[in-house]
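Remember, predicted model here, so these are calculated numbers, not experimental data. Chain letters run A, B, ... following the sequence lines, proteins first and then strands; every chain starts at 1.
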Protein chains: 2
Amino acid sequence: MSKPKPQAQQSRASETRKRTRIQQEKEDLILEAALDVFANHGFRGATIDQIADQAGLSKPNLLYYFKSKETIHRQLLDRLLDNWLQPLRELKADGDPVSEIKSYIRRKLELARDYPRESRLFANEILQGAPRIDEELSDLKVLVDEKAKIIRSWSEAGYLKKFDPHHMFFAIWATTQHYADFDAQVQVVLGNVGQGDGRFEDAARFLDQLFVEGLAP
Amino acid sequence: MSKPKPQAQQSRASETRKRTRIQQEKEDLILEAALDVFANHGFRGATIDQIADQAGLSKPNLLYYFKSKETIHRQLLDRLLDNWLQPLRELKADGDPVSEIKSYIRRKLELARDYPRESRLFANEILQGAPRIDEELSDLKVLVDEKAKIIRSWSEAGYLKKFDPHHMFFAIWATTQHYADFDAQVQVVLGNVGQGDGRFEDAARFLDQLFVEGLAP
DNA sequence: GTAATCTTTTACCGACTGGTAAATTTTATT
DNA sequence: AATAAAATTTACCAGTCGGTAAAAGATTAC
(Lines give C-alpha, C1' and ligand atoms only; values in the text may rest on other atoms or scores of the structure.)
Protein backbone atom coordinates (compact mmCIF):
# COMPACT_ATOMS: atom_id res chain seq x y z
CA MET A 1 0.00 0.00 0.00
CA SER A 2 1.13 3.54 -0.63
CA LYS A 3 1.60 6.55 1.58
CA PRO A 4 -1.40 8.75 2.40
CA LYS A 5 -0.73 10.85 -0.70
CA PRO A 6 1.14 14.07 -0.01
CA GLN A 7 -0.92 17.04 -1.18
CA ALA A 8 0.32 17.87 -4.66
CA GLN A 9 2.58 20.84 -4.19
CA GLN A 10 1.36 23.86 -6.04
CA SER A 11 2.60 27.39 -6.36
CA ARG A 12 2.52 30.28 -3.95
CA ALA A 13 -1.14 30.93 -4.65
CA SER A 14 -2.36 27.97 -2.64
CA GLU A 15 0.53 27.04 -0.44
CA THR A 16 -0.98 27.47 2.98
CA ARG A 17 -4.12 29.61 2.95
CA LYS A 18 -7.47 28.61 1.58
CA ARG A 19 -8.22 29.19 -2.08
CA THR A 20 -9.76 32.39 -3.38
CA ARG A 21 -12.56 32.43 -5.91
CA ILE A 22 -10.15 33.26 -8.73
CA GLN A 23 -7.79 30.49 -7.71
CA GLN A 24 -10.57 27.93 -7.82
CA GLU A 25 -11.69 29.06 -11.24
CA LYS A 26 -8.28 29.33 -12.79
CA GLU A 27 -6.98 26.08 -11.41
CA ASP A 28 -9.96 24.23 -12.81
CA LEU A 29 -9.50 26.02 -16.11
CA ILE A 30 -5.86 25.01 -16.25
CA LEU A 31 -6.52 21.39 -15.35
CA GLU A 32 -9.20 21.17 -18.00
CA ALA A 33 -6.88 22.59 -20.65
CA ALA A 34 -3.99 20.43 -19.48
CA LEU A 35 -6.08 17.27 -19.65
CA ASP A 36 -6.80 18.01 -23.27
CA VAL A 37 -3.21 18.71 -24.17
CA PHE A 38 -1.64 15.86 -22.18
CA ALA A 39 -4.17 13.35 -23.52
CA ASN A 40 -3.46 14.30 -27.10
CA HIS A 41 0.30 14.74 -26.96
CA GLY A 42 1.63 12.85 -23.95
CA PHE A 43 3.66 14.38 -21.14
CA ARG A 44 6.73 15.16 -23.17
CA GLY A 45 4.77 16.22 -26.22
CA ALA A 46 2.74 18.73 -24.26
CA THR A 47 4.12 22.21 -23.67
CA ILE A 48 3.24 24.71 -21.00
CA ASP A 49 2.68 27.33 -23.67
CA GLN A 50 0.12 25.09 -25.33
CA ILE A 51 -1.73 24.50 -22.08
CA ALA A 52 -1.59 28.18 -21.20
CA ASP A 53 -2.92 29.13 -24.63
CA GLN A 54 -5.79 26.71 -24.38
CA ALA A 55 -6.62 28.00 -20.92
CA GLY A 56 -6.44 31.59 -22.13
CA LEU A 57 -3.59 32.51 -19.80
CA SER A 58 -0.01 33.59 -20.20
CA LYS A 59 2.66 31.05 -19.35
CA PRO A 60 3.94 32.86 -16.25
CA ASN A 61 0.38 33.33 -15.11
CA LEU A 62 -0.22 29.60 -15.40
CA LEU A 63 2.96 28.93 -13.47
CA TYR A 64 1.62 31.18 -10.76
CA TYR A 65 -1.01 28.53 -10.08
CA PHE A 66 1.02 25.37 -10.68
CA LYS A 67 4.70 25.50 -10.05
CA SER A 68 5.64 23.12 -12.84
CA LYS A 69 4.40 21.08 -15.74
CA GLU A 70 4.87 17.94 -13.71
CA THR A 71 2.71 19.27 -10.87
CA ILE A 72 -0.22 19.69 -13.23
CA HIS A 73 0.30 16.26 -14.71
CA ARG A 74 0.50 14.59 -11.37
CA GLN A 75 -2.64 16.26 -10.09
CA LEU A 76 -4.52 15.10 -13.18
CA LEU A 77 -3.35 11.54 -12.66
CA ASP A 78 -4.29 11.61 -8.99
CA ARG A 79 -7.82 12.75 -9.75
CA LEU A 80 -8.14 10.32 -12.61
CA LEU A 81 -7.06 7.15 -10.88
CA ASP A 82 -9.56 7.57 -8.11
CA ASN A 83 -12.49 7.81 -10.52
CA TRP A 84 -11.05 5.19 -12.78
CA LEU A 85 -11.04 2.49 -10.13
CA GLN A 86 -14.53 3.19 -8.87
CA PRO A 87 -16.30 0.60 -11.06
CA LEU A 88 -13.96 -2.08 -9.80
CA ARG A 89 -14.57 -1.13 -6.19
CA GLU A 90 -18.29 -1.53 -6.83
CA LEU A 91 -17.93 -5.16 -7.86
CA LYS A 92 -19.60 -6.90 -4.92
CA ALA A 93 -19.11 -10.46 -3.74
CA ASP A 94 -22.77 -10.84 -2.76
CA GLY A 95 -24.18 -9.95 -6.16
CA ASP A 96 -25.05 -12.28 -9.01
CA PRO A 97 -21.75 -13.18 -10.70
CA VAL A 98 -22.81 -12.68 -14.31
CA SER A 99 -24.71 -9.47 -13.53
CA GLU A 100 -21.79 -8.07 -11.58
CA ILE A 101 -19.40 -8.70 -14.46
CA LYS A 102 -21.86 -7.32 -16.98
CA SER A 103 -22.28 -4.16 -14.91
CA TYR A 104 -18.56 -3.80 -14.56
CA ILE A 105 -18.05 -4.01 -18.31
CA ARG A 106 -20.85 -1.58 -18.92
CA ARG A 107 -19.44 0.93 -16.46
CA LYS A 108 -15.95 0.68 -17.89
CA LEU A 109 -17.30 1.18 -21.38
CA GLU A 110 -19.23 4.22 -20.24
CA LEU A 111 -16.05 5.66 -18.78
CA ALA A 112 -14.29 5.14 -22.10
CA ARG A 113 -17.16 6.87 -23.89
CA ASP A 114 -17.57 9.77 -21.46
CA TYR A 115 -13.98 10.31 -20.40
CA PRO A 116 -11.77 9.39 -23.34
CA ARG A 117 -9.17 12.01 -22.49
CA GLU A 118 -8.68 10.53 -19.05
CA SER A 119 -8.28 7.11 -20.61
CA ARG A 120 -5.65 8.36 -23.01
CA LEU A 121 -3.83 10.22 -20.27
CA PHE A 122 -3.56 6.97 -18.37
CA ALA A 123 -2.64 4.98 -21.47
CA ASN A 124 0.13 7.42 -22.30
CA GLU A 125 1.54 7.05 -18.84
CA ILE A 126 1.50 3.25 -18.85
CA LEU A 127 2.91 3.10 -22.37
CA GLN A 128 5.95 5.05 -21.25
CA GLY A 129 6.51 2.59 -18.44
CA ALA A 130 4.42 4.32 -15.77
CA PRO A 131 7.35 6.41 -14.49
CA ARG A 132 5.16 8.73 -12.46
CA ILE A 133 2.51 6.39 -11.04
CA ASP A 134 4.26 3.30 -9.74
CA GLU A 135 2.87 4.06 -6.30
CA GLU A 136 -0.73 4.25 -7.47
CA LEU A 137 -0.29 1.06 -9.47
CA SER A 138 0.54 -0.90 -6.35
CA ASP A 139 -2.73 0.33 -4.85
CA LEU A 140 -4.37 -1.01 -7.97
CA LYS A 141 -2.73 -4.39 -7.49
CA VAL A 142 -4.15 -4.72 -3.99
CA LEU A 143 -7.63 -3.93 -5.24
CA VAL A 144 -7.37 -6.28 -8.20
CA ASP A 145 -6.09 -9.14 -6.07
CA GLU A 146 -9.01 -8.66 -3.75
CA LYS A 147 -11.56 -8.71 -6.55
CA ALA A 148 -9.79 -11.59 -8.30
CA LYS A 149 -10.40 -13.60 -5.18
CA ILE A 150 -14.12 -12.97 -5.50
CA ILE A 151 -14.15 -14.01 -9.13
CA ARG A 152 -12.22 -17.16 -8.32
CA SER A 153 -14.66 -18.08 -5.57
CA TRP A 154 -17.51 -17.68 -8.04
CA SER A 155 -15.64 -19.91 -10.44
CA GLU A 156 -15.13 -22.58 -7.86
CA ALA A 157 -18.76 -22.42 -6.79
CA GLY A 158 -19.73 -23.18 -10.38
CA TYR A 159 -21.23 -19.80 -11.23
CA LEU A 160 -18.53 -19.18 -13.80
CA LYS A 161 -16.18 -21.22 -15.94
CA LYS A 162 -12.68 -21.90 -14.62
CA PHE A 163 -10.17 -19.28 -15.68
CA ASP A 164 -7.51 -16.92 -14.39
CA PRO A 165 -9.37 -13.85 -13.07
CA HIS A 166 -6.42 -11.54 -13.62
CA HIS A 167 -6.49 -12.17 -17.33
CA MET A 168 -10.22 -11.58 -17.31
CA PHE A 169 -9.61 -8.12 -15.90
CA PHE A 170 -6.92 -7.45 -18.48
CA ALA A 171 -9.35 -8.45 -21.21
CA ILE A 172 -12.09 -6.21 -19.87
CA TRP A 173 -9.77 -3.24 -19.48
CA ALA A 174 -8.26 -3.76 -22.90
CA THR A 175 -11.52 -4.13 -24.80
CA THR A 176 -13.31 -1.22 -23.17
CA GLN A 177 -10.45 1.27 -23.09
CA HIS A 178 -9.62 0.39 -26.67
CA TYR A 179 -12.55 2.52 -27.82
CA ALA A 180 -11.05 5.58 -26.15
CA ASP A 181 -7.34 4.95 -26.64
CA PHE A 182 -7.45 3.69 -30.21
CA ASP A 183 -10.31 5.89 -31.30
CA ALA A 184 -8.38 7.10 -34.35
CA GLN A 185 -8.10 3.53 -35.59
CA VAL A 186 -11.65 2.57 -34.65
CA GLN A 187 -13.01 5.54 -36.56
CA VAL A 188 -11.12 4.68 -39.71
CA VAL A 189 -12.02 1.00 -39.60
CA LEU A 190 -15.71 1.56 -38.91
CA GLY A 191 -15.90 4.37 -41.44
CA ASN A 192 -18.44 7.10 -41.20
CA VAL A 193 -21.36 4.75 -40.69
CA GLY A 194 -22.87 4.83 -37.24
CA GLN A 195 -20.66 7.62 -36.05
CA GLY A 196 -22.98 8.59 -33.23
CA ASP A 197 -23.70 6.73 -30.05
CA GLY A 198 -24.67 3.69 -32.09
CA ARG A 199 -21.04 2.74 -32.07
CA PHE A 200 -20.93 2.38 -28.34
CA GLU A 201 -24.18 0.48 -28.28
CA ASP A 202 -22.75 -1.95 -30.83
CA ALA A 203 -19.62 -2.33 -28.77
CA ALA A 204 -21.62 -2.87 -25.59
CA ARG A 205 -23.72 -5.54 -27.27
CA PHE A 206 -20.68 -7.35 -28.61
CA LEU A 207 -18.73 -7.24 -25.37
CA ASP A 208 -21.73 -8.39 -23.36
CA GLN A 209 -22.13 -11.38 -25.62
CA LEU A 210 -18.42 -12.15 -25.70
CA PHE A 211 -17.88 -12.08 -21.96
CA VAL A 212 -21.15 -13.60 -20.86
CA GLU A 213 -20.94 -16.55 -23.22
CA GLY A 214 -17.20 -16.76 -22.75
CA LEU A 215 -17.22 -16.77 -18.98
CA ALA A 216 -20.57 -18.16 -17.86
CA PRO A 217 -20.64 -21.96 -17.57
CA MET B 1 -6.51 2.65 -51.09
CA SER B 2 -3.24 4.50 -50.80
CA LYS B 3 -0.59 5.51 -53.26
CA PRO B 4 2.17 2.99 -54.11
CA LYS B 5 4.25 4.23 -51.21
CA PRO B 6 6.93 6.75 -52.14
CA GLN B 7 10.35 5.49 -51.13
CA ALA B 8 11.10 7.06 -47.77
CA GLN B 9 13.46 9.90 -48.51
CA GLN B 10 16.78 9.44 -46.80
CA SER B 11 19.96 11.40 -46.76
CA ARG B 12 22.63 11.83 -49.38
CA ALA B 13 24.11 8.44 -48.58
CA SER B 14 21.39 6.52 -50.36
CA GLU B 15 19.74 9.04 -52.59
CA THR B 16 20.34 7.50 -55.95
CA ARG B 17 23.02 4.83 -55.93
CA LYS B 18 22.78 1.43 -54.31
CA ARG B 19 23.75 1.03 -50.67
CA THR B 20 27.28 0.30 -49.58
CA ARG B 21 28.10 -2.27 -46.92
CA ILE B 22 28.56 0.43 -44.29
CA GLN B 23 25.29 2.07 -45.20
CA GLN B 24 23.41 -1.18 -44.76
CA GLU B 25 24.97 -1.82 -41.37
CA LYS B 26 24.58 1.68 -40.00
CA GLU B 27 21.03 2.11 -41.23
CA ASP B 28 19.98 -1.11 -39.53
CA LEU B 29 21.81 -0.05 -36.39
CA ILE B 30 20.01 3.28 -36.36
CA LEU B 31 16.59 1.80 -36.98
CA GLU B 32 17.11 -0.70 -34.19
CA ALA B 33 18.11 2.03 -31.76
CA ALA B 34 15.32 4.30 -32.92
CA LEU B 35 12.73 1.58 -32.44
CA ASP B 36 13.81 1.27 -28.86
CA VAL B 37 13.71 4.98 -28.17
CA PHE B 38 10.50 5.75 -30.04
CA ALA B 39 8.68 2.82 -28.44
CA ASN B 40 9.63 3.95 -24.96
CA HIS B 41 9.22 7.70 -25.30
CA GLY B 42 6.94 8.37 -28.26
CA PHE B 43 7.83 10.52 -31.24
CA ARG B 44 7.99 13.82 -29.41
CA GLY B 45 9.63 12.32 -26.35
CA ALA B 46 12.43 10.77 -28.36
CA THR B 47 15.47 12.85 -29.24
CA ILE B 48 17.95 12.38 -32.04
CA ASP B 49 20.78 12.57 -29.53
CA GLN B 50 19.26 9.69 -27.60
CA ILE B 51 18.92 7.55 -30.72
CA ALA B 52 22.44 8.44 -31.85
CA ASP B 53 23.85 7.58 -28.42
CA GLN B 54 22.11 4.22 -28.37
CA ALA B 55 23.37 3.48 -31.87
CA GLY B 56 26.89 4.52 -30.91
CA LEU B 57 27.03 7.34 -33.44
CA SER B 58 27.31 11.09 -33.28
CA LYS B 59 24.21 13.07 -34.10
CA PRO B 60 25.51 14.52 -37.38
CA ASN B 61 26.69 11.09 -38.36
CA LEU B 62 23.21 9.69 -37.80
CA LEU B 63 21.74 12.54 -39.84
CA TYR B 64 24.06 11.55 -42.64
CA TYR B 65 22.03 8.36 -42.99
CA PHE B 66 18.56 9.69 -42.28
CA LYS B 67 17.82 13.26 -43.11
CA SER B 68 15.45 13.83 -40.22
CA LYS B 69 13.89 12.36 -37.10
CA GLU B 70 10.63 12.01 -38.95
CA THR B 71 12.24 10.02 -41.75
CA ILE B 72 13.43 7.41 -39.28
CA HIS B 73 10.07 7.27 -37.60
CA ARG B 74 8.21 6.88 -40.85
CA GLN B 75 10.46 4.11 -42.07
CA LEU B 76 9.93 2.22 -38.82
CA LEU B 77 6.17 2.55 -39.17
CA ASP B 78 6.26 1.42 -42.79
CA ARG B 79 8.21 -1.71 -41.92
CA LEU B 80 6.07 -2.38 -38.90
CA LEU B 81 2.65 -2.13 -40.48
CA ASP B 82 3.48 -4.64 -43.14
CA ASN B 83 4.48 -7.29 -40.60
CA TRP B 84 1.71 -6.31 -38.26
CA LEU B 85 -1.05 -7.04 -40.74
CA GLN B 86 0.36 -10.37 -41.88
CA PRO B 87 -1.65 -12.52 -39.45
CA LEU B 88 -4.86 -10.90 -40.64
CA ARG B 89 -3.98 -11.53 -44.28
CA GLU B 90 -3.51 -15.19 -43.41
CA LEU B 91 -7.07 -15.56 -42.19
CA LYS B 92 -8.54 -17.74 -44.94
CA ALA B 93 -12.15 -18.13 -45.93
CA ASP B 94 -11.77 -21.82 -46.70
CA GLY B 95 -10.43 -22.81 -43.29
CA ASP B 96 -12.36 -24.00 -40.27
CA PRO B 97 -13.88 -20.86 -38.71
CA VAL B 98 -13.00 -21.56 -35.10
CA SER B 99 -9.49 -22.76 -35.97
CA GLU B 100 -8.87 -19.73 -38.13
CA ILE B 101 -9.87 -17.37 -35.36
CA LYS B 102 -7.86 -19.30 -32.80
CA SER B 103 -4.78 -19.15 -35.03
CA TYR B 104 -5.27 -15.47 -35.59
CA ILE B 105 -5.43 -14.79 -31.86
CA ARG B 106 -2.39 -16.95 -31.25
CA ARG B 107 -0.36 -15.17 -33.92
CA LYS B 108 -1.34 -11.75 -32.67
CA LEU B 109 -0.37 -12.73 -29.14
CA GLU B 110 2.96 -14.02 -30.38
CA LEU B 111 3.59 -10.70 -32.07
CA ALA B 112 2.84 -8.89 -28.82
CA ARG B 113 5.26 -11.19 -27.00
CA ASP B 114 8.05 -11.12 -29.57
CA TYR B 115 7.73 -7.57 -30.85
CA PRO B 116 6.50 -5.46 -27.99
CA ARG B 117 8.42 -2.41 -29.12
CA GLU B 118 6.71 -2.46 -32.48
CA SER B 119 3.37 -2.72 -30.73
CA ARG B 120 4.12 0.26 -28.54
CA LEU B 121 5.40 2.28 -31.48
CA PHE B 122 2.07 1.70 -33.17
CA ALA B 123 0.09 2.36 -30.01
CA ASN B 124 1.88 5.65 -29.47
CA GLU B 125 1.04 6.74 -32.97
CA ILE B 126 -2.64 5.85 -32.72
CA LEU B 127 -2.94 7.40 -29.27
CA GLN B 128 -1.78 10.74 -30.65
CA GLY B 129 -4.43 10.55 -33.32
CA ALA B 130 -2.40 8.75 -36.00
CA PRO B 131 -1.10 11.97 -37.55
CA ARG B 132 1.56 10.21 -39.59
CA ILE B 133 -0.21 7.06 -40.76
CA ASP B 134 -3.68 8.01 -41.94
CA GLU B 135 -2.80 6.60 -45.34
CA GLU B 136 -1.76 3.21 -44.02
CA LEU B 137 -4.86 3.07 -41.85
CA SER B 138 -7.11 3.26 -44.88
CA ASP B 139 -5.26 0.25 -46.30
CA LEU B 140 -6.04 -1.45 -43.01
CA LYS B 141 -9.72 -0.63 -43.36
CA VAL B 142 -9.88 -2.30 -46.76
CA LEU B 143 -8.28 -5.43 -45.39
CA VAL B 144 -10.48 -5.51 -42.31
CA ASP B 145 -13.66 -5.01 -44.32
CA GLU B 146 -12.66 -7.90 -46.53
CA LYS B 147 -12.01 -10.22 -43.60
CA ALA B 148 -15.11 -9.01 -41.77
CA LYS B 149 -17.11 -10.25 -44.73
CA ILE B 150 -15.63 -13.71 -44.27
CA ILE B 151 -16.47 -13.73 -40.59
CA ARG B 152 -20.00 -12.60 -41.30
CA SER B 153 -20.49 -15.34 -43.85
CA TRP B 154 -19.34 -17.88 -41.29
CA SER B 155 -21.81 -16.39 -38.85
CA GLU B 156 -24.67 -16.64 -41.29
CA ALA B 157 -23.75 -20.21 -42.17
CA GLY B 158 -24.09 -21.09 -38.50
CA TYR B 159 -20.43 -21.75 -37.81
CA LEU B 160 -20.30 -18.84 -35.41
CA LYS B 161 -22.71 -16.87 -33.27
CA LYS B 162 -24.20 -13.70 -34.72
CA PHE B 163 -22.14 -10.62 -33.92
CA ASP B 164 -20.52 -7.60 -35.50
CA PRO B 165 -17.18 -8.80 -36.91
CA HIS B 166 -15.55 -5.40 -36.64
CA HIS B 167 -15.98 -5.38 -32.91
CA MET B 168 -14.57 -8.89 -32.78
CA PHE B 169 -11.41 -7.62 -34.42
CA PHE B 170 -11.22 -4.70 -32.03
CA ALA B 171 -11.53 -7.12 -29.12
CA ILE B 172 -8.79 -9.37 -30.46
CA TRP B 173 -6.44 -6.48 -31.15
CA ALA B 174 -7.11 -4.92 -27.78
CA THR B 175 -6.66 -8.06 -25.70
CA THR B 176 -3.51 -9.26 -27.42
CA GLN B 177 -1.72 -5.94 -27.79
CA HIS B 178 -2.59 -5.11 -24.21
CA TYR B 179 0.19 -7.42 -23.05
CA ALA B 180 2.75 -5.39 -24.97
CA ASP B 181 1.34 -1.88 -24.63
CA PHE B 182 0.31 -2.06 -20.98
CA ASP B 183 3.15 -4.29 -19.88
CA ALA B 184 4.06 -1.97 -17.03
CA GLN B 185 0.59 -2.39 -15.58
CA VAL B 186 0.40 -6.11 -16.28
CA GLN B 187 3.67 -6.68 -14.49
CA VAL B 188 2.57 -4.82 -11.39
CA VAL B 189 -0.82 -6.52 -11.23
CA LEU B 190 0.52 -10.02 -11.78
CA GLY B 191 3.40 -9.44 -9.41
CA ASN B 192 6.64 -11.31 -9.68
CA VAL B 193 4.99 -14.69 -9.91
CA GLY B 194 5.23 -16.37 -13.27
CA GLN B 195 7.39 -13.68 -14.72
CA GLY B 196 8.71 -15.89 -17.52
CA ASP B 197 6.86 -17.24 -20.53
CA GLY B 198 4.23 -18.69 -18.23
CA ARG B 199 2.49 -15.36 -18.39
CA PHE B 200 1.95 -15.58 -22.08
CA GLU B 201 0.79 -19.16 -21.87
CA ASP B 202 -1.76 -18.15 -19.26
CA ALA B 203 -2.91 -15.30 -21.46
CA ALA B 204 -3.16 -17.58 -24.48
CA ARG B 205 -5.21 -20.09 -22.54
CA PHE B 206 -7.58 -17.44 -21.25
CA LEU B 207 -8.07 -15.72 -24.60
CA ASP B 208 -8.62 -19.03 -26.38
CA GLN B 209 -11.32 -19.92 -23.92
CA LEU B 210 -12.91 -16.47 -23.98
CA PHE B 211 -13.14 -16.16 -27.73
CA VAL B 212 -13.95 -19.75 -28.58
CA GLU B 213 -16.75 -20.03 -26.05
CA GLY B 214 -17.79 -16.47 -26.69
CA LEU B 215 -17.99 -16.73 -30.47
CA ALA B 216 -18.66 -20.37 -31.34
CA PRO B 217 -22.35 -21.27 -31.39
C1' DG C 1 49.33 4.68 -55.48
C1' DT C 2 46.21 7.95 -56.41
C1' DA C 3 41.96 9.91 -57.35
C1' DA C 4 37.17 9.77 -56.38
C1' DT C 5 33.89 8.72 -53.27
C1' DC C 6 32.04 7.72 -48.88
C1' DT C 7 32.13 8.43 -43.85
C1' DT C 8 32.90 10.89 -39.63
C1' DT C 9 34.00 14.79 -36.71
C1' DT C 10 34.05 19.56 -35.15
C1' DA C 11 31.86 23.64 -34.61
C1' DC C 12 27.92 25.78 -34.85
C1' DC C 13 22.83 27.96 -35.22
C1' DG C 14 18.19 29.48 -34.57
C1' DA C 15 13.94 27.94 -32.50
C1' DC C 16 11.80 26.28 -28.64
C1' DT C 17 11.48 24.64 -23.88
C1' DG C 18 10.53 24.99 -18.83
C1' DG C 19 10.97 28.26 -15.69
C1' DT C 20 12.11 32.96 -13.03
C1' DA C 21 12.42 38.05 -11.51
C1' DA C 22 10.37 41.93 -10.90
C1' DA C 23 7.34 45.46 -11.93
C1' DT C 24 2.41 46.43 -12.76
C1' DT C 25 -2.45 45.97 -12.39
C1' DT C 26 -6.47 44.20 -10.25
C1' DT C 27 -9.18 42.63 -6.34
C1' DA C 28 -10.60 42.29 -1.64
C1' DT C 29 -10.70 44.31 3.09
C1' DT C 30 -11.43 47.92 6.03
C1' DA D 1 -10.41 55.98 -0.14
C1' DA D 2 -6.47 53.64 1.46
C1' DT D 3 -4.00 49.66 1.71
C1' DA D 4 -2.61 45.01 1.72
C1' DA D 5 -2.86 40.94 -0.84
C1' DA D 6 -3.62 38.59 -5.05
C1' DA D 7 -3.23 38.29 -9.95
C1' DT D 8 -1.09 39.39 -14.32
C1' DT D 9 2.30 41.10 -17.58
C1' DT D 10 6.82 42.10 -19.42
C1' DA D 11 11.24 40.86 -20.06
C1' DC D 12 14.28 37.52 -19.73
C1' DC D 13 17.48 33.15 -19.26
C1' DA D 14 19.91 28.89 -19.57
C1' DG D 15 19.42 24.42 -21.47
C1' DT D 16 17.86 21.47 -25.10
C1' DC D 17 16.15 20.57 -29.56
C1' DG D 18 16.48 19.34 -34.63
C1' DG D 19 19.40 20.29 -38.07
C1' DT D 20 23.57 22.28 -41.12
C1' DA D 21 28.32 23.59 -42.99
C1' DA D 22 32.52 22.39 -43.85
C1' DA D 23 36.60 20.17 -43.32
C1' DA D 24 39.14 15.98 -41.98
C1' DG D 25 39.53 11.08 -42.26
C1' DA D 26 38.66 6.45 -44.20
C1' DT D 27 37.36 3.32 -48.27
C1' DT D 28 37.00 1.95 -52.65
C1' DA D 29 37.90 1.62 -57.65
C1' DC D 30 41.16 1.91 -60.98
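A52(B) comes within 4.0 angstrom of nothing in the nucleic acid, heavy atoms only.
Judged purely by distance below 3.5 Å, without hydrogens or angles, the side chains of E118(A) and N83(A) never pair a donor atom with an acceptor atom. Side chain to side chain, H41(B) and Q50(B) meet the donor-acceptor criterion of an N or O pair below 3.5 Å. Checking D183(B) against Q187(B) by side-chain atom types alone, a donor-acceptor pair falls below 3.5 Å.
Contact annotation: N61(B) reaches the phosphate of dT9(C) (side-chain N/O to OP1 or OP2, under 4.0 Å). For dT8(D), the OP1/OP2 oxygens have no side-chain nitrogen or oxygen of K59(A) closer than 4.0 Å. Regarding contacts with the backbone of dC6(C), every side-chain N or O of Q23(B) stays at 4.0 angstrom or more from both OP1 and OP2. The phosphate of dT17(C) has OP1 or OP2 within less than 4.0 Å of a side-chain N or O from R44(B). Residue Y64(B) places none of its side-chain N or O atoms closer than 4.0 Å to OP1 or OP2 of dT8(C). Residue Y65(B) has no polar side-chain atom (N or O) positioned under 4.0 Å from OP1 or OP2 of dC6(C).
Atoms CZ (F66(A)) and P (dG18(C)) sit 16 Å apart, rounded to a whole Å. Taking atom NZ of residue K69(A) and atom P of nucleotide dC16(C), one finds them 16 Å apart after rounding to whole Å. Atom NE2 in H41(B) sits roughly 12 Å away from atom P in dG18(D) (whole-Å rounding). Put simply, CD on E70(B) is 14 Å from C1' on dG19(D), counting in whole angstrom units. The nearest whole Å value for the distance from the CD atom in E27(A) to the C1' atom in dA7(D) is 13 Å. In this structure, CG of L57(B) is placed 9 Å from C1' of dT8(C), rounded to the nearest angstrom. Atom CG in L63(B) sits about 13 Å away from atom C1' in dA21(D), given to the nearest Å. Residue D49(A) contributes atom CG, which lies 17 Å from atom P of dC12(D) at whole-angstrom precision.
Stacking of K69(A) on the aromatic ring of F43(A) is recorded, both the 6.0 Å distance cut-off and the 45° axial limit being met.
Residue whose closest nucleotide on DNA chain D sits further toward the 5' end, between S58(A) and T47(B): S58(A).
For P60(B), counting side-chain heavy atoms from C-beta on, the closest listed nucleotide (dA21(D), dG19(C), dG18(D)) is dA21(D).
Side-chain N or O atoms of Q185(A) include none that pairs as donor or acceptor with a backbone N or O of L137(B) at under 3.5 Å.
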